[in-house]
Amino acid sequence: MKFSVATLSLAIFCQSQQSASAFTVGSENRINLKLSASENVDDLTPKEIPKPTALTPKIDREEGVSSPEPSTVTPLVDVVEEAEPSTAVEEVKEAVLEPKEIQPAVDLEQASAIKSLSGVSVTSVRTNESVELSNFLQSGDDKSMLILGTYAADFNAIEYVQRLRYYLPQLKEKGVEKIGLVLNCGVDAAKSLVELLDLETDATASDSESVAVELFVDPLGEAGRKFGVGTGWRPEDDEMSPYVKLFGMLFGLGAWATLPAVIGGYIGNPFYGQPWIEDATAVGQMKGRWPNTALELDESTGEVKVNKFKELPYVGSWERRPLELATLRLQNMMDISIKNWKDLAPTETALKAGVLTQLGGCVVVDCKTGDELFRWRDPGICAVANFE
């Protein structure tokens, strides 16, 4: 193929124009790229950076990154301590650091009889007047005694009266000149019980002024509860029958000492005597109560000629012979409690108040100083105070 000069010249010119265009386009692209990069760097420069605080690390404005300086950071504990506490916090601090004195509740186990019976009144059987018990305990010349019994047909009430009858002369010798017997029953029931047991009181004796025992009634048992006597098994259960509660107490429920006291009446005691048992059994036999063969009595005076329990082999010399007390309690149950239940039983109102399962107690006080010389709260049925 042949080319002319003109053709070659035109081809060279076109090639040079394309190279110039390519150079120009590449240069513009590089310039635009450089300008774009410069704009991005400007955008990365922070416009507003918060000032450093105690809890915020210092930020380097030139580098654009954080550079914590431990020496300049304040610990959180110091910040809390330096902060001014609010009024509420101050009040809580004062309440914790300076607690106010709290008045303790009255503890019936620790309170004296004078204090626990203050303001508590019972009714005198003789005068039918109200008698405040704390005043009664402090009104004597030497010592005073108060027995807080149970309802009239109860084992504990019966044994308190039987013991008091026997030990009354000895109590007087010891300076106990004034004795109050409170029963949780009505006036007629109280009189019937002391007459059945041959105890002279101001309400039953012909010469009331010479008798040391004053008879009181408290049908709902409030005085005993104020003194802190036991209230038996499930006292707060209003749904359960009081007779079911009493049955449970015979096995020690709510009255832990019942079984030991009852069993002790059968096995006796070789070391400690209770001579009131023989005296009470003799009174029962004189009144025709059964069992009536344990003693041989003088028909004219009623004195004991023979105590058959003392004739038992091996154990007859014991201070309290086996079965002796159990025999007396059988006599009390058959011919006092059961036979006279209609006259001695608690009323429906008294049953609702809990007197059927309420136990008794006893206290002796020095009338001049108010000090307690003796205190007892029955821990179970048949577990009354020993007067020995």
Side-chain angles (χ1 to χ4, degrees), residues 147 149-171 181 183 185 188-201 203-206 211 213 215 261-270 272-345 381-388:
I147 297 174
T150 53
Y151 68 95
D154 185 50
F155 279 109
N156 291 33
I158 294 171
E159 289 194 16
Y160 267 122
V161 174
Q162 290 174 328
R163 295 176 191 231
L164 183 57
R165 167 193 150 80
Y166 180 81
Y167 290 105
L168 187 57
Q170 298 179 38
L171 290 171
L181 172 62
L183 296 173
C185 60
D188 293 337
K191 286 183 177 181
S192 296
L193 180 63
V194 296
E195 288 173 350
L196 285 169
L197 300 174
D198 269 4
L199 174 67
E200 284 193 346
T201 68
T204 55
S206 56
V211 178
V213 180
L215 185 60
V262 172
I263 294 173
Y266 287 92
I267 63 176
N269 191 315
Y272 299 101
Q274 293 182 307
W276 67 273
I277 299 172
E278 184 180 88
D279 178 75
T281 303
V283 171
Q285 284 193 202
M286 289 289 292
K287 292 183 176 290
R289 295 179 192 134
W290 182 88
N292 56 2
T293 58
L295 306 176
E296 290 184 9
L297 305 176
D298 187 299
E299 295 182 359
S300 58
T301 62
E303 292 183 0
V304 177
K305 295 167 56 178
V306 177
N307 183 339
K308 294 181 181 179
F309 289 105
K310 293 182 178 180
E311 297 179 344
L312 292 172
Y314 304 110
V315 296
S317 60
W318 285 14
E319 293 295 324
R320 192 180 78 205
R321 277 70 57 185
L323 301 177
E324 189 174 19
L325 180 54
T327 300
L328 172 63
R329 286 172 174 165
L330 178 61
Q331 194 182 84
N332 291 342
M333 180 180 68
M334 297 298 295
D335 277 354
I336 296 179
S337 294
I338 295 177
K339 188 175 182 179
N340 299 280
W341 179 255
K342 185 177 180 180
D343 298 327
L344 304 180
I381 298 173
C382 295
V384 303
N386 285 326
F387 287 29
E388 291 78 11

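Predicted model, so just to flag it, every value in this text is computed and none were measured. Atom set for the values below is all heavy atoms of this structure, side chains included, hydrogens, waters and symmetry mates excluded.
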*side-chain hydrogen bond (donor to acceptor under 3.5 Å, both in side chains) involving N269 - partner list, sequence neighbours excluded*: none
All N/O donor-acceptor pairs, side-chain side in residues 336-343, below 3.5 Å, sequence neighbours left out:
unit_1 : atom_1 : unit_2 : atom_2 : d
S337   : OG     : A153   : O      : 2.7
N340   : ND2    : D335   : O      : 3.2
N340   : ND2    : I336   : O      : 3.2

*Excluding sequence neighbours, so at least two apart, what forms side-chain hydrogen bond (donor to acceptor under 3.5 Å, both in side chains) with Y160?*
D378
*Give, for atom CG of N332 and atom CG of L197, the distance between the pair rounded to the nearest 0.5 Å.*
7.0 Å
*With sequence neighbours excluded, residues passing side-chain hydrogen bond (donor to acceptor under 3.5 Å, both in side chains) with T201*: T204
*asked:* Using side-chain heavy atoms (C-beta onward) and a distance below 4.5 Å, is Y151 in contact with L183?
replied: no
*Taking all non-hydrogen atoms of both residues into account, name the closest pair between L330 and P291 and its distance.*
CD2-CG, 3.7 Å
*Would you name the heavy atoms of I158 and A152 that are closest together and state the gap between them?*
CG1-O, 4.0 Å
*asked:* Going by salt bridge (Lys or Arg N to Asp or Glu O under 4.0 Å), name the pairs with one or both residues in residues 307-332, residues two or more places apart or in two chains.
replied: E159-R329, E278-K310, R321-E324
_Working for side chain to side chain contact (heavy atoms under 4.5 Å, CB included), residues L164 and W276_ = CA-CA 9 Å; L164 183 57; W276 67 273; over 6 Å; no
*Determine which pairs satisfy salt bridge (Lys or Arg N to Asp or Glu O under 4.0 Å) with at least one residue from residues 279-299, sequence neighbours left out, and list them in order.*
R165-D279, D198-K287
*Could you list the residues that satisfy side-chain contact (heavy atoms from CB on, under 4.5 Å) with P275, not counting sequence neighbours?*
Y166, Y167, E388
*Is V384 close to I147 at the side-chain level, that is, under 4.5 Å between some pair of heavy atoms?*
no
_For I267 versus W318, what's the shortest heavy-atom pair and its separation?_
O-CZ3, 3.2 Å
_I need the L199 CG to L215 CG distance, nearest 0.5 Å._
8.5 Å
*asked:* So which atom in T293 and which in Q285 form the shortest heavy-atom distance, rounded to 0.1 Å?
replied: N-OE1, 3.8 Å
*Considering non-hydrogen atoms only, spot the tightest contact between P322 and F309 and give its length.*
O-CD2, 3.6 Å
_Run F387 and L168 through side chain to side chain contact (heavy atoms under 4.5 Å, CB included) and show every step you take._
CA-CA 10 Å; F387 287 29; L168 187 57; over 6 Å; no
*Should we count CD of Q331 as having more than 12 external heavy atoms under 6.0 Å?*
yes
*Rounded distance (nearest 0.5 Å) linking atom CG of L323 with atom CG of L328*: 12.5 Å
*Measuring from D188:CG to L344:CG, what's the distance to the nearest 0.5 Å?*
10.5 Å
*Taking side-chain contact (heavy atoms from CB on, under 4.5 Å) as the test, write out the residues that go with A282, two or more places apart.*
L295, L297, V304
*Would you please name every residue forming a side-chain hydrogen bond (donor to acceptor under 3.5 Å, both in side chains) with S317, sequence neighbours left out?*
none
*Mind running side chain to side chain contact (heavy atoms under 4.5 Å, CB included) on V194 and L181 for me, showing each step along the way?*
CA-CA 10 Å; V194 296; L181 172 62; 4.2 Å; yes
*asked:* For a quick test of reading the model, state the closest non-hydrogen atom pair linking N156 to C382 and the distance between them.
replied: OD1-N, 2.7 Å
